[in-house]
**Q** 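First the structure, which I've put down as structure tokens, then a few questions once you've had a look.
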Amino acid sequence: MKEPFVIAIDGPAAAGKGTLARRLAAHFGLPHLDTGLLYRAVARRLLDAGKDPSDGAAAEQEARSLRPADWQRPDLRTPDVDRAASIVAAEPRVRAALRDFQREFPAAHGAVMDGRDIGTVIFPDAPVKLFVTAAPAARAERRFRELQGRGIAVRLEAVEAEIEERDRQDATRPVGPLEQAPDAVLIDTTGLDPDQVFSTALEKIRARIAPAA
Ligand code: CDP
């Protein structure tokens, strides 16, 4: 069976994965899945139900009953959901419940998918893997501006501490931790604007799969 054409983008919080993934998807005419939204949707449902995000059984139940409307909600990018998503994402039963949907998403058409374990666990044979990162201070600054732009009052130091804690949590969990796949191309977006990140990624993708690009 022919493998779907998947561009796997992994990396830590606020590294610029989402912006890059959307632009690559538009460029290649591929669907895009921001897999972080799935974990965020599970977290949101638990918070709404007044449940503890570290309640593994409850989190698994929410993950198994997730519907598209849940990850299309507009209220998934708030600091309380950031924290809770990282907690539910450490639960192996949640990761298992969301695995098949992610693997089936590209179907025959292919996809651009961004997250933490796309190139390591979900599509270890993806033809293109990018690991997108940036210096912690640059990532904190970006998230701070993004939250401010949406009218959410936060302090830069608090954003920096939260991102650091979430990265630590994401990188040290036993199942599906954040790590660079050995065959992933590293892109450090510190000091680059979205156009520069896009053209750097395109160059690296072309070098890897010349005929398809
Ligand atoms: O946008 P940001 O980089 O801040 O986060 P996100 O990609 O929306 O992911 C939110 C949380 O979901 C992360 O902190 C991870 O704990 C979790 N996640 C994951 O475990 N695996 C994925 N494939 C995607 C996200």
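Both counts, for ligands and for their atoms, begin at 1 and track the order of listing. This one's a predicted model, so the numbers in the text were calculated from it and none came from an experiment.
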**Q** Which of these passes side-chain hydrogen bond (donor to acceptor under 3.5 Å, both in side chains) with R40: D82, D34, D75, T35?
**A**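 Output: one option passes, namely D82.
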
**Q** Should one rank R116, E162, K17, R83 by closest heavy-atom distance to atom 19 (C) of ligand 1, which comes out on top?
**A**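 Closest candidate by heavy-atom distance is R116.
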
**Q** I would like to know whether D188 and T133 meet side chain to side chain donor-acceptor pair (under 3.5 Å); could you show each step before the answer?
**A** CA-CA 5 Å; D188 186 334; T133 189; over 6 Å; no

**Q** What atoms of ligand 1 come closer than 4.0 angstrom to any heavy atom of R166?
**A**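 Per the distance check, 4 (O), 5 (O), 10 (C), 11 (C), 13 (C), 14 (O).
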
**Q** Testing R139, K17, R142 for side-chain hydrogen bond (donor to acceptor under 3.5 Å, both in side chains) with T189, which one passes?
**A**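 Filter result, single survivor: R142.
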
**Q** With no hydrogens and no angle check, is any side-chain donor or acceptor of K129 less than 3.5 Å from a backbone partner on G119?
**A**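 The answer is yes, because a donor-acceptor pair under 3.5 Å joins these two groups.
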
**Q** In the protein, which heavy atom is nearest to atom 17 (C) of ligand 1, and how far is it?
**A**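 Result for atom 17 (C) of ligand 1: A89 CB, 3.6 Å.
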
**Q** Identify the protein heavy atom lying closest to atom 21 (N) of ligand 1, giving its residue, its atom name and the separation to 0.1 Å.
**A**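 Of the protein heavy atoms, R95 NH2, 3.0 Å lies nearest.
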
**Q** Measure from the ring center of Y39 to the ring center of W71 and say whether it is less than 6.0 Å.
**A**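 No.
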
**Q** Does R143, backbone or side chain, put an N or O under 3.5 Å from an N or O of ligand 1?
**A**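 Indeed, backbone or side chain, R143 has an N or O that close.
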
**Q** Taking all non-hydrogen atoms of both residues, which atom of F123 and which atom of R103 are closest, and how far apart?
**A**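 Closest approach of F123 to R103, heavy atoms only: CZ-O, 3.4 Å.
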
**Q** Closer than 4.0 angstrom: is that true for some heavy atom of G18 and an atom of ligand 1?
**A**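 So G18 does not count as touching ligand 1.
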
**Q** Would F28 and I205 count as a side-chain contact (heavy atoms from CB on, under 4.5 Å) if you check the C-alpha gap in whole Å, the side-chain angles of each, and the deciding distance to 0.1 Å?
**A** CA-CA 11 Å; F28 288 105; I205 292 171; 4.0 Å; yes

**Q** For ligand 1, which atoms, with element, lie under 4.0 Å from some heavy atom of S86?
**A**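 Answer for ligand 1: 14 (O), 16 (O).
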
**Q** Does ligand 1 have a heavy atom under 4.0 Å from the side chain of A15, from its backbone, from both, or from neither?
**A**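 Neither part.
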
**Q** What protein heavy atom is closest to atom 24 (C) of ligand 1, reported as residue, atom name and distance in Å?
**A**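 Looking only at protein heavy atoms, the one closest to atom 24 (C) of ligand 1 is T35 OG1, 3.4 Å.
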
**Q** Using a 4.0 Å heavy-atom cut-off, which part of R142 comes near ligand 1: side chain, backbone, both, or neither?
**A**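 No part of R142 comes within reach of ligand 1.
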
**Q** Taking Q102 for the side chain and L98 for the main chain, is one N or O donor matched with an acceptor at less than 3.5 Å?
**A**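 A pair under 3.5 Å: yes.
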
**Q** Are any of the N/O atoms in A14 less than 3.5 Å from those in ligand 1?
**A**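 Indeed, backbone or side chain, A14 has an N or O that close.
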
**Q** What part of R77, side chain from CB on, backbone N/CA/C/O, both or neither, has a heavy atom under 4.0 Å from ligand 1?
**A**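 Side chain only.
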
**Q** Answer yes if the ring centres of F198 and H27 are under 6.0 angstrom apart, and no otherwise.
**A**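 Between F198 and H27, the centre distance is under 6.0 Å.
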
**Q** Would D10 and R116 pass as an ion pair if we require N to O under 4.0 Å?
**A**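 Salt bridge flag = no for R116 with D10.
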
**Q** Counting each atom of ligand 1 from 1 as listed, which ones have a heavy atom of G115 under 4.0 Å away?
**A**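 Once the distances to G115 are compared, the set is 22 (C), 23 (N), 24 (C).
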
**Q** Just need the protein heavy atom nearest to atom 25 (C) of ligand 1, so name the residue and atom and give the distance.
**A**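 It is G36 CA, 3.5 Å.
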
**Q** Going by an N to O cut-off under 4.0 Å, is there a salt bridge joining D80 and R83?
**A**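 Not counted as a salt bridge, because no side-chain N and carboxylate O are separated by less than 4.0 Å.
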
**Q** Write out the residue and atom name of the closest protein heavy atom to atom 8 (O) of ligand 1, then the distance separating them to 0.1 Å.
**A**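 For atom 8 (O) of ligand 1, the nearest protein heavy atom is R40 NE, 2.6 Å.
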
**Q** For atom 16 (O) of ligand 1, grab the closest protein heavy atom and report residue, atom and distance to one decimal in Å.
**A**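 Ranked first by proximity to atom 16 (O) of ligand 1 is D170 OD1, 2.6 Å.
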
**Q** For atom 12 (O) of ligand 1, what is the closest protein heavy atom, and at what distance to 0.1 Å?
**A**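 Residue, atom and distance for the closest contact: Y39 CB, 3.6 Å.
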
